[in-house]
Amino acid sequence: MQISSLFNLAFFLAPLFLAWTVGAFSPLTYSKTSLTEATNITKPGCPSKCGNLTVPYPFGIGLNSGCSLNPFFDILCNSSYNPPKAFLRSNGLEVIGINETKIRIRNRVAWGCLSVDPNQDLSGNYSMDLRGTSFSFSNENKLTVVGCDDIGIISSGTPDFDYFSSCVAICSKTQDLTNGSCSGIGCCQASIPKGLQYINGDMFTLNGHEKVQSFNPCGYTFLAEQNRYEFLAPDVNDPSFVDTITENVPLVIDWAIGNRSCSQVGNTNECVGESVCVDSGTEIGGYRCNCSQGYEGNPYLSPGCIDINECHNFACPPNALCINSRGSYKCSCPPGYLTIDTENAFGCIPLPRRKKTGLYAGLLGGLGLFLLLVVTFWLYKVLKKRRIKQMKEALFKRNGGLLLHQQISSHDHVLEKMTIFTVKELEKATDKFNESRILGQGGQGTVYKGMLPDGTIVAVKKSKQVNENHLGEFINEVVILSQINHRNVVRLLGCCLETEVPLLVYEFVPNGSLYDFIHDDTTGFPFSWDLRLRIAAEIANALAYLHYATSIPVFHRDMKSNNILLDEKYRAKLSDFGISRSVAIDQTHFTTKVKGTFGYLDPEYFQTGKFTEKSDVYSFGVVLIELLTRQKPISTSVTDEERSLVTRFLLTMEENQLKTILDPQLIEHDLNEEHCSVAKLAKRCLNLNGKKRPTIREVTMELESIRTSENPSFVESNIQDESFIEMDSLDFSVEG
Ligand SMILES: *[C@@H]1O[C@H](CO)[C@@H](O)[C@H](O)[C@H]1NC(C)=O
Ligand SMILES: *[C@@H]1O[C@H](CO)[C@@H](O)[C@H](O)[C@H]1NC(C)=O
Ligand SMILES: *[C@@H]1O[C@H](CO)[C@@H](O)[C@H](O)[C@H]1NC(C)=O
Ligand SMILES: *[C@@H]1O[C@H](CO)[C@@H](O)[C@H](O)[C@H]1NC(C)=O
Ligand SMILES: *[C@@H]1O[C@H](CO)[C@@H](O)[C@H](O)[C@H]1NC(C)=O
Ligand SMILES: *[C@@H]1O[C@H](CO)[C@@H](O)[C@H](O)[C@H]1NC(C)=O
Ligand SMILES: *[C@@H]1O[C@H](CO)[C@@H](O)[C@H](O)[C@H]1NC(C)=O
Ligand SMILES: *[C@@H]1O[C@H](CO)[C@@H](O)[C@H](O)[C@H]1NC(C)=O
């Protein structure tokens, strides 16, 4: 008895539970019979069909037959065709469909082909005229051009040639064409405005199809009902293309009654019985009629729209009772059912039948079922948790494995030197990678600001995309940075290997990038000569350390002011070692795919693909002139040859016009010895021949000697002296 009751209850509750989770109650909608499916489609005694076309009133078949509302709506049916064809009386356009708001008509195509004989014009244009009617071309049509050398135009065709729309389709080889893509290569589409009543479809070719004739002898222009034409690559070379379009791709027309709006016609409109007047929505006025909600039929024909018996259309869900009323209906649940009635759903759930003896048992059974549900839910949670854990472990193994692989070449124990964070810790630190925590976004990924439990502020780098390339770059950065310990290189505190791409945790460098500092005037911090000189020296120092003092030389390969960060005392810190490489000591260069940033890229490396230590020196030279001129390496405002800062700088150096390019703030007083020395140094770094550039070690020494030379303004500097003292105790000595 107890068991059967439990089944009973489970049986009753299951659908409720299911329905509840899926949200699958009957939505309160009903289907509506359209104009062409109403009981009375035409006036009494009038034919409703011409061939396959249904012609609903206010349209009517026949010339002045009295079947239409007015002569504009006369449809001429020519039965010499099989099946018969229908035409609009006013302009002879062939009608292939009519619904509540639109007329579909057979299309026309303008074309143009390669003509060998210049006197022979192999082209065709067309026009369509709806003037004087209350119809207009719908903006649901798209101007479509197919071809490889063509401009399609929809114009008014008048002598002053008002253009309404145009687009250009070009291509140079068939391989460029993509099926389904109509965005300029071999096919283009453009919108047209609504309310047009006269259109002239015309086209021009750019080179008369001369260059593309082998695969595209002709171009085509037509208006196509939205989403009805899909470009296929073979279309550009299809001799029967015009027929294909006229057969399969219609053009749509907005129809309306008259040229006055509902408010202008007032009560004299044509809308009868339970319908409302609706403005046409085109620019040229006119109105249509709509059945009121809950009514269907032809709103133009007496007795008008009639009530929909929704109950015949299964408007209510199973088990429910349906009560129809005028314009509406109501669902209710019979006795013995539970009613679920929310804003957009209605349902009836059968209640367990009460049996006197079964009541107590039923309750017990219910309790059992409840327990069963709880256990299932708990099991589900546990299993899910375990799966996530397994996934994390697998990722950790993969990423750790990659790290290990790189370590073998670096003879170093990377993992031992770093903190390994869990995802949970980093999610907590960054407030679940909250957008408000984003410090910056670069090519490699997004950097978030975070706070570790001990209060340390850190920067967490997370890759945007998940692909092997990025994974490699991240692991590379871990390996490189773990070997480096330098005051002017951003410190890697640890990483997290449990995610698809490792998350890297760095020390937080609060004052942003040098690039922003140089090119964004709003920081308000004075950018004195001493500060610039110090930053330059610090970067050179860090680079020299990378090139000479690490166990294996490291080339940064993406030196730029964006990758130089400034700490609270405006000390420079080199960052972003994603594409850096370490090289075996006896090797002086390596050949790779060119990577780096335009504007900073060593031209020699760009040409030969060989990256040497001097390529870093070149990029450093660019940063130097950025510091000198406060101009961007690639400017967008000037002409081509003047775009490159390097070119302009070298030119002014040549012409002895240094003063004209230096940051005016720098030389407020006058050009001094130091400015010239640094400019000359930059020029040497930018030598096109890598061999003639100084090494970064020489650069460092030179900058140091410029800095320590007698300098009266030194004491007035805004920088606290402390930071200069620190500079003297650099980790890296140039003699090393
Ligand atoms: C169809 O039209 C006739 C004549 O106007 C009318 O008597 C009849 O009620 C209409 N039928 C429906 C279903 O509207
Ligand atoms: C006309 O309708 C019939 C039956 O629905 C169909 O077989 C035929 O292909 C249609 N003809 C045209 C030209 O659409
Ligand atoms: C019907 O179409 C045929 C063929 O185009 C044409 O010759 C004829 O004049 C048309 N008939 C009418 C009544 O328009
Ligand atoms: C009428 O036809 C047009 C064009 O095909 C379509 O966009 C529209 O949804 C149709 N209207 C109705 C009520 O079926
Ligand atoms: C086609 O273009 C020519 C030249 O612009 C024009 O004279 C002619 O009327 C156009 N034909 C149509 C059908 O628009
Ligand atoms: C494009 O579609 C055509 C016709 O369906 C087909 O023959 C051709 O292989 C398709 N091309 C591509 C690249 O899919
Ligand atoms: C509206 O149509 C009537 C008659 O068809 C015409 O006389 C009148 O000029 C039209 N009005 C506008 C604003 O187009
Ligand atoms: C007219 O009826 C159609 C179909 O029910 C509806 O989509 C449209 O919004 C109605 N138009 C207005 C203005 O009420």
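In listed order, ligands and their atoms are each counted from 1. Every heavy atom of this structure was used, including side-chain atoms; hydrogens, water molecules and symmetry mates were not.
- Those atoms of ligand 4 with a heavy atom of E140 less than 4.0 angstrom away are 4 (C), 7 (O).
- For atom 8 (C) of ligand 3, the nearest protein heavy atom is under 4.0 Å away.
- Ring geometry for F222 versus Y229: interplanar angle over 60°, hence perpendicular rather than tilted (30 to 60°).
- Within a 4.0 Å radius of atom 5 (O) of ligand 3, the protein contributes at least one heavy atom.
- Between W255 and F59, a ring centre-to-centre spacing shorter than 6.0 Å is recorded.
- Formation of a donor-acceptor pair under 3.5 Å by the N216 side chain with backbone atoms of V236 is found in this model.
- Within ligand 3, counting atoms from 1 as listed, the ones closer than 4.0 Å to a heavy atom of S80 are 1 (C), 2 (O), 3 (C).
- Ligand-side atoms of ligand 4 in range of R104: 5 (O), range being under 4.0 angstrom from any heavy atom.
- For the residue pair S136 and Q197, no side-chain donor N or O sits within less than 3.5 Å of a side-chain acceptor on the partner.
- Taking the six-membered ring where the residue is Trp, F87 and Y81 present tilted rings, their angle falling between 30° and 60°.
- For ligand 4, the atoms lying closer than 4.0 Å to a non-hydrogen atom of E225 are 4 (C), 5 (O).
- The closest approach between any non-hydrogen atom of Q226 and ligand 4 is not below 4.0 Å.
- The protein atom (non-hydrogen) at minimum distance from atom 11 (N) of ligand 3 is N78 ND2, 2.8 Å.
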Start with the C-alpha gap between C289 and C271, add the side-chain angles, then the distance that decides, and say whether disulfide (SG to SG under 2.5 Å) holds. CA-CA 5 Å; C289 304; C271 308; 2.0 Å; yes
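- In terms of polar-atom proximity, N99 is counted as a contact of ligand 4, with an N or O under 3.5 Å from an N or O of the ligand.
- Near Y81, meaning under 4.0 Å from any of its heavy atoms, are these atoms of ligand 3: 2 (O), 4 (C), 5 (O).
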Show your reasoning for whether side chain to side chain donor-acceptor pair (under 3.5 Å) applies to H312 and N324. CA-CA 9 Å; H312 284 169; N324 187 44; over 6 Å; no
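- Here F164 and Y198 keep their ring centres 6.0 angstrom or further from each other.
- Looking only at heavy atoms of the protein, atom 3 (C) of ligand 6 is closest to N179 ND2, 3.7 Å.
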